[in-house]
Amino acid sequence: MAEFMTTELKRLNYLTSEIDAVYHEAALRLGLSDSTMMVLYAACNSGGSCLLSDICRISGTSRQTIHSAIRRLEADGLVTLEADIGRKKKVCLTKKGMDRSQNGVAKLAELENDILGSWPQEDQEKYLELIQKYLTALKEKVKTQL
């Protein structure tokens, strides 16, 4: 079978995989699974609580995987799952969860902010613009052509 990926697509896939690997390493260093880190990161980023559906959407992770992560975090006393409007559920950090997040995922976000903040403003804007452009086009093509 002939190669169907351009050099640029291979590079994009490689870089995306490497970024995912760094986040995996960060989770391991924080003593978390990837999915529990995603839950804590999302809740911490949202001021201590966020909708379960938002975590699934933002992380691209299945509802079942996020539910399993929440059960582990509940058992550790780090989060509670509370009813919200209608059938929606909200993940809320406990005091222990807030403390753990401040010493873990908040530090990760601080590192990320430091990296982006070290770039000139125009580089930050261009990088985010290009990622958004790629994402928008990919979503549309997947929706209409697959």
Side-chain angles (χ1 to χ4, degrees), residues 5 8-146:
M5 285 191 205
E8 293 79 12
L9 180 57
K10 287 178 184 178
R11 185 171 178 210
L12 174 65
N13 288 338
Y14 170 77
L15 292 172
T16 301
S17 295
E18 285 295 303
I19 290 170
D20 288 345
V22 172
Y23 282 106
H24 175 70
E25 181 181 345
L28 293 177
R29 287 177 176 265
L30 295 171
L32 301 167
S33 69
D34 293 353
S35 55
T36 55
M37 184 174 83
M38 283 188 261
V39 171
L40 292 176
Y41 191 98
C44 187
N45 190 46
S46 298
S49 67
C50 63
L51 292 175
L52 172 63
S53 57
D54 288 344
I55 297 171
C56 295
R57 181 181 48 78
I58 292 166
S59 68
T61 304
S62 74
R63 199 169 183 85
Q64 180 179 354
T65 299
I66 296 300
H67 270 292
S68 295
I70 290 168
R71 282 193 293 278
R72 286 192 301 274
L73 292 167
E74 282 180 311
D76 291 340
L78 300 175
V79 301
T80 59
L81 190 58
E82 300 175 4
D84 199 60
I85 299 168
R87 297 181 57 192
K88 294 182 178 189
K89 300 283 185 192
K90 187 187 298 188
V91 177
C92 302
L93 294 174
T94 63
K95 169 77 171 104
K96 183 178 175 183
M98 279 288 216
D99 292 344
R100 177 79 188 268
S101 294
Q102 290 302 315
N103 294 316
V105 295
K107 286 185 178 182
L108 175 60
E110 187 178 314
L111 296 174
E112 293 168 310
N113 281 324
D114 287 348
I115 293 165
L116 286 173
S118 72
W119 297 358
Q121 186 67 34
E122 60 271 11
D123 287 355
Q124 292 178 45
E125 290 171 10
K126 188 64 173 178
Y127 177 72
L128 295 172
E129 176 188 322
L130 290 171
I131 290 175
Q132 183 64 58
K133 186 176 181 179
Y134 181 83
L135 175 61
T136 300
L138 182 61
K139 281 181 176 180
E140 183 60 29
K141 288 190 179 284
V142 165
K143 186 195 274 184
T144 61
Q145 297 180 23
L146 289 183

Could you measure the distance from the [atom1] atom of [X] to the [atom2] atom of [Y]? Nearest 0.5 Å is fine.
X: S46; Y: I58; atom1: OG; atom2: CD1; result: 6.0 Å
X: E140; Y: K143; atom1: CD; atom2: NZ; result: 5.5 Å
X: T94; Y: L78; atom1: OG1; atom2: CG; result: 5.5 Å
X: C50; Y: I55; atom1: SG; atom2: CD1; result: 3.5 Å
X: K90; Y: L81; atom1: NZ; atom2: CG; result: 11.0 Å
X: L108; Y: N113; atom1: CG; atom2: CG; result: 10.0 Å

Q | Pair E82-T80, side-chain donor/acceptor within less than 3.5 Å | A | yes
Q. How about T136 and Q132: does a side-chain donor come under 3.5 Å of a side-chain acceptor?
A. yes
Q.
Between M38 and Y23, does the side chain to side chain contact (heavy atoms under 4.5 Å, CB included) criterion hold? Intermediate values first, please.
A. CA-CA 10 Å; M38 283 188 261; Y23 282 106; over 6 Å; no
Please name the pair of heavy atoms, one in [X] and one in [Y], separated by the smallest distance, quoted to 0.1 Å.
X: Q102; Y: K107; result: O-CG, 3.8 Å
X: S62; Y: T65; result: OG-OG1, 2.9 Å
X: I66; Y: S59; result: CD1-OG, 4.0 Å
X: R100; Y: L30; result: NH2-O, 2.6 Å
X: S35; Y: R72; result: OG-NH2, 3.1 Å
X: S33; Y: A27; result: O-CB, 3.9 Å

(Q) Under 4.0 Å between a side-chain nitrogen and a carboxylate oxygen: does that hold for D99 and K96? (A) no
Q) When you check the gap from the basic side-chain N to the acidic O, do K133 and E129 get nearer than 4.0 Å? A) no
**Q.** Residues V22, E18; criterion side chain to side chain contact (heavy atoms under 4.5 Å, CB included); working and verdict
**A.** CA-CA 6 Å; V22 172; E18 285 295 303; 5.7 Å; no
**Q.** salt bridge (charged side-chain N to carboxylate O under 4.0 Å, His left out) evaluation trace for K126 with D123
**A.** CA-CA 5 Å; K126 188 64 173 178; D123 287 355; over 6 Å; no
Q) Does a side-chain heavy-atom distance below 4.5 Å link D20 with H24? A)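 Side chain of D20 against side chain of H24, heavy atoms only: no contact under 4.5 Å found.
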Q.
Counting only heavy atoms not in L9 (residues, nucleotides, ligands), do more than 12 fall under 6.0 Å from its CG?
A.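 More than 12 heavy atoms, drawn from other residues, nucleotides or ligands, come within 6.0 Å of this atom.
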Q: Please check if atom CD in Q64 has more than 12 non-hydrogen atoms from other residues, nucleotides or ligands closer than 6.0 Å.
A: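 Atom CD in Q64 is not crowded, with 12 or fewer foreign heavy atoms closer than 6.0 Å.
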Q: For side chain to side chain contact (heavy atoms under 4.5 Å, CB included), just list the numbers for L52 and H67, CA-CA rounded to whole Å, side-chain angles, deciding distance to a tenth of an Å, and then say yes or no.
A: CA-CA 8 Å; L52 172 63; H67 270 292; 3.4 Å; yes
Q: Give a yes or no answer on whether the side chain of T61 reaches the backbone of C56 with a donor-acceptor pair at less than 3.5 Å.
A: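 Side chain of T61 to backbone of C56: no pair is present.
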Q: Have a look at V105 and tell me which of T36, V39, L40 forms a side chain to side chain contact (heavy atoms under 4.5 Å, CB included) with it.
A: L40
Q) Do S53 and R63 pass the side chain to side chain contact (heavy atoms under 4.5 Å, CB included) test, and can you show the C-alpha distance, the side-chain angles, and the key distance before you say yes or no? A) CA-CA 8 Å; S53 57; R63 199 169 183 85; 4.2 Å; yes
